[in-house]
Amino acid sequence: MTGVLRVVLAVSAGGRQPGQGRQGGGHVGHVLARRVQELATEHETLTKLLDEQVTDHDPGLRAAFGVGPDTAAQLLVTAGGNGDRMRTEASFAALCGVAPVPASSGKTDRHRLSRGGDRDANAALYRIALVRMSSDTRTREHVARQTAASRTKKEIIRLLERAIAREMFRYLTTTVTIPDVADLRPLRQAKNITLTAAAQHFRVRPTTISRLERGLTRDDDLAHAYRDWIQTA
């Protein structure tokens, strides 16, 4: 949406041709830019409302690493509409199309990605996997190990999606207690430690520490290590 807005504003600034009046290209561009801004604001409002709804309904699911409002909502819709497939985590994995499908031939023993199940739920698990592959340290280490073991990217994603489905099933079927992180920022500020210093110590970006402190990203291991480090600093 922001990219579209920049394009429209550029057009509105330079789109008026010689001889065009106020109703020319510049005027049209401003009208389009205003409409894009309205849609962007509406999108932000609806996303915030959706975030509040899914967080109230299943705070553990929403707090999981890589699970945004849209992803959480999709998994809740899938679970709510398929109660008979929520009895075991294996049936939930099959519902999401991430149950391993044998694809062995000759001396090769392997599995492939399933193309069945709820494709929207499958896409949600895929997005979580991509986020974790790019931002989660443990997932990145796991990917490195699997790559060293000569697994392909598709095979690695299949393994990740299956593991994520197991985790999501637990969030969807049980009450998960979310550790309180409200004390982290006051502790850091009381010790006069900057976000940059904390980020450098844990070899992460300052935004990672900031999001952890504000409860926007859940990483229990990092939260525990961070709290212990601040208290002994």
Side-chain angles (χ1 to χ4, degrees), residues 54-55 57-104 108-179 181 202-204 208 211-212 215-225:
V54 297
T55 300
H57 190 80
D58 196 330
L61 176 67
R62 178 62 183 90
F65 194 101
V67 179
D70 294 346
T71 304
Q74 179 56 59
L75 292 175
L76 287 170
V77 169
T78 298
N82 298 274
D84 58 323
R85 305 288 292 274
M86 297 295 293
R87 296 176 182 176
T88 66
E89 60 94 8
S91 62
F92 176 69
L95 169 64
C96 296
V98 297
V101 178
S104 302
T108 303
D109 184 15
R110 58 181 293 272
H111 294 79
R112 67 169 175 81
L113 288 167
S114 170
R115 294 177 177 81
D118 186 324
R119 303 318 298 168
D120 291 329
N122 185 273
L125 296 181
Y126 180 76
R127 289 195 296 271
I128 297 172
L130 291 185
V131 171
R132 293 186 176 186
M133 288 172 69
S134 64
S135 305
D136 181 53
T137 301
R138 289 176 298 179
T139 302
R140 291 171 65 89
E141 292 174 349
H142 174 73
V143 170
R145 289 193 299 270
Q146 295 298 328
T147 301
S150 301
R151 293 190 183 275
T152 66
K153 184 176 181 180
K154 285 186 178 181
E155 289 175 325
I156 294 172
I157 290 177
R158 177 186 64 77
L159 293 172
L160 285 176
E161 287 183 328
R162 183 62 181 87
I164 292 170
R166 186 179 300 110
E167 179 185 344
M168 296 302 109
F169 177 79
R170 181 168 63 89
Y171 292 136
L172 290 166
T173 56
T174 60
T175 301
V176 178
T177 302
I178 303 175
V181 294
F202 289 98
R203 298 182 179 179
V204 297
T208 299
R211 291 180 62 84
L212 180 71
L216 300 178
T217 300
R218 181 180 176 185
D219 188 331
D220 295 349
D221 291 339
L222 177 58
H224 292 320

Trainee: So if I apply the side chain to side chain contact (heavy atoms under 4.5 Å, CB included) rule between Leu160 and each of Ile128, Leu130, Thr139, Val98, which one comes out positive?
Mentor: Thr139
Trainee: Please check if atom CZ in Arg166 has more than 12 non-hydrogen atoms from other residues, nucleotides or ligands closer than 6.0 Å.
Mentor: yes
Trainee: Could you check whether Glu161 pairs with Lys154 (Lys NZ or Arg NE/NH1/NH2 to Asp/Glu carboxylate O, under 4.0 Å)?
Mentor: no
Trainee: Could you measure the distance from the CG atom of Asp221 to the OG1 atom of Thr137? Nearest 0.5 Å is fine.
Mentor: 10.0 Å
Trainee: First locate atom CD of Glu167, then atom CG of Leu172, and finally report the distance between them rounded to the nearest 0.5 Å.
Mentor: 10.5 Å
Trainee: Check Ala72 against Arg62 and note the closest heavy-atom contact, atom names and distance.
Mentor: CB-CD, 4.5 Å
Trainee: Closest approach of Val181 and Ala223, non-hydrogen atoms and distance?
Mentor: CG1-CB, 4.3 Å
Trainee: Only counting residues at least two apart or in another chain, list the ones meeting side chain to side chain contact (heavy atoms under 4.5 Å, CB included) with Gln146.
Mentor: His142, Arg151, Ile156, Leu159
Trainee: At what distance, to the nearest 0.5 angstrom, does CG of Asp136 lie from CG of Leu222?
Mentor: 10.0 Å
Trainee: The criterion is side chain to side chain contact (heavy atoms under 4.5 Å, CB included); which residues satisfy it with Ser134, sequence neighbours excluded?
Mentor: none
Trainee: Taking side chain to side chain contact (heavy atoms under 4.5 Å, CB included) as the test, write out the residues that go with Val176, two or more places apart.
Mentor: Arg170, Tyr171, Thr174, Arg218
Trainee: Supply the atom-to-atom distance Asp58 CG to Thr175 OG1, rounded to the nearest 0.5 angstrom.
Mentor: 8.0 Å
Trainee: Would you give the length of the straight line joining atom CD of Gln74 to atom OG1 of Thr71, rounded to the nearest 0.5 angstrom?
Mentor: 8.5 Å
Trainee: If you look only at distance, which donor and acceptor atoms sit under 3.5 Å apart when one is on a side chain in residues 81-88 and the other is two or more places apart or in another chain?
Mentor:
unit_1	atom_1	unit_2	atom_2	d
Asn82	ND2	Thr78	O	2.7
Thr88	OG1	Ser91	N	3.1
Thr88	OG1	Ser91	OG	3.1

Trainee: With sequence neighbours excluded, what pairs up with Tyr126 under the side-chain hydrogen bond (donor to acceptor under 3.5 Å, both in side chains) test?
Mentor: none
Trainee: What pair of heavy atoms forms the shortest contact from Ala165 to Leu125, and how long is it?
Mentor: CB-CD1, 3.9 Å
Trainee: Looking at every heavy atom in both Glu155 and Ser150, which two are closest together, and how far apart are they?
Mentor: OE1-O, 4.4 Å
Trainee: To the closest 0.5 Å, what do you measure between CG (Leu75) and CG (Asp120)?
Mentor: 10.5 Å
Trainee: For Thr55, what residues pass the side-chain hydrogen bond (donor to acceptor under 3.5 Å, both in side chains) criterion, not counting sequence neighbours?
Mentor: Asp51
Trainee: If you compare all heavy atoms of Gly97 against all heavy atoms of Asn122, which two are closest, and at what distance to 0.1 Å?
Mentor: O-ND2, 3.2 Å
Trainee: Do Leu76 and His57 have side-chain heavy atoms sitting under 4.5 Å apart?
Mentor: yes
Trainee: Test your reading of the model: is there a side-chain donor-acceptor pair from Arg132 to the backbone of Gly66, 3.5 Å cut-off?
Mentor: no
